[in-house]
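The structure appears right after this line, and notes come after that.
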Amino acid sequence: MDSRVPVISIVFLLLLIITAAGCISSNVNANTSVTSTNPGNSAATSPVPTQGAAPVATILAPTVPPVSYTSTPVPAVSFKRSEINQRFLDIAFGNENSFLNRWSDRLVKVSISDDYTKEDISNLNDFITRFNNVSATSKLSQVMEGMNEDITIRLVPASYLNTIQDDESNKIYRDWDTGEILFIGRTLKNQYEPQDTLSINSRFTGEERKYLILRCLLYELGFEGYSGEPNSFFYYRPINKNISTTDWMAINMMYSKRFNYGDSFKLVKDNLSV
């Protein structure tokens, strides 16, 4: 026999053994854990994933209950037409006037003189701005200083007011309790165009002074009557020194296009009932 045959058989046998050993080693590595050592800690074993990464867990934020705000609801304010009409009739006529004594449709110039302050001007201009917004007819100018205009407001001492005689004035407005003169309204007719002068007691300060100036101007604008409602600016004994919403509605009616200077009480009342 040829001596090479056994040698080839031996080589072939060795190749089979090596191949089998490789397969076994590959299977062992595929299922063996990888060991990683962290400094200072004992060895920790974690499996090596053989598929895609595990899904990341979703952490839900804790539910925060909504903050509840407690507030007192503001009731809707309603105004009855009958109440507004009555307020208008009371302050436009009252016991003293039998016709509407309002200004005609034009720009009315307003000035201030004598012992006035910057605060007086500011308060008047605030009123004039709102008046012009509610009036559909006459408009008032912003206050001019130290001049004689259609309406001139003078802040003067009580001693001066006491020298004016009743027959020299259109109206002398007194304190109900003390009789002190608060303001006097006069019309200067010896001018090229009639001018109305409002002389106001200058001794008052603060809210009383503001009230007195605005009440005097409103009297000049035709509001010569009084309201029987204590919450009205026109209450005969002033409690509320601010012009209420109902008062402004009445002012709006006076200077609406429904009425004119000289309208009688009956004419106005009949118009309101329509």
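This is a predicted model, so every value here is computed, not measured. Quick note: numbers below take in every heavy atom, side chains included, and nothing from hydrogens, waters or symmetry partners.
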Exercise. Is the Phe131-Trp103 ring centre distance short of 6.0 angstrom?
Worked result: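 Between Trp103 and Phe131, which both carry aromatic rings, the centre distance is not below 6.0 Å.
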Problem set entry | Contacts of Tyr235 that satisfy ring pair (Phe, Tyr, Trp, His ring centres under 6.0 Å) - sequence neighbours left out |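 Not a single residue meets the ring pair (Phe, Tyr, Trp, His ring centres under 6.0 Å) criterion with Tyr235.
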Side-chain donor/acceptor of [X] to backbone N/O of [Y], under 3.5 Å:
X	Y	answer
Ser122	Glu119	no
Asn132	Thr129	no
Asp105	Thr137	no
Asn162	Ala158	yes
Asn125	Val143	yes

Problem set entry | Heavy-atom check, side chain of Ser113 versus side chain of Met147, under 4.5 Å |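 With C-beta onward as the side chain, the pair stays apart.
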For this session: Determine whether Leu124 and Val110 make a side-chain contact, defined as any pair of heavy atoms from C-beta on separated by less than 4.5 Å.
Result: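 In short, these two side chains do not touch, never coming nearer than 4.5 Å.
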Note: [X]-[Y] ion pair, threshold 4.0 Å (strictly below):
X	Y	answer
Arg203	Glu180	yes
Glu145	Lys118	yes
Lys266	Asp270	yes
Asp120	Arg209	yes
Asp114	Arg154	yes

For this session: Quick one: do Ser82 and Asn85 satisfy side chain to side chain donor-acceptor pair (under 3.5 Å)? Show the steps, please.
Result: CA-CA 5 Å; Ser82 59; Asn85 290 348; over 6 Å; no
Problem set entry | Working for ring-ring contact (aromatic ring centres under 6.0 Å, His included), residues Phe234 and Phe223 | CA-CA 9 Å; Phe234 298 94; Phe223 299 95; 5.8 Å; yes
Exercise. Quick one: does NZ or CZ of Arg102 land under 6.0 Å from the six-membered ring centre of Tyr255, within 45 degrees of the ring axis?
Worked result: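 Geometry flag: set, cation within 6.0 Å and 45°.
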Exercise. Relative to the ring of Tyr173, is the ring of Tyr219 parallel (under 30°), tilted (30 to 60°) or perpendicular (over 60°)?
Worked result: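 Rings of Tyr219 and Tyr173: perpendicular, over 60°.
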Exercise. What distance do Ser199 atom OG and Tyr160 atom OH have between them, rounded to the nearest 0.5 Å?
Worked result: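 Here the interatomic distance stands at 5.0 Å.
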Problem set entry | Flag if over 12 foreign heavy atoms under 6.0 Å of NZ, Lys139 |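 It does: Lys139 NZ has more than 12 such atoms within range.
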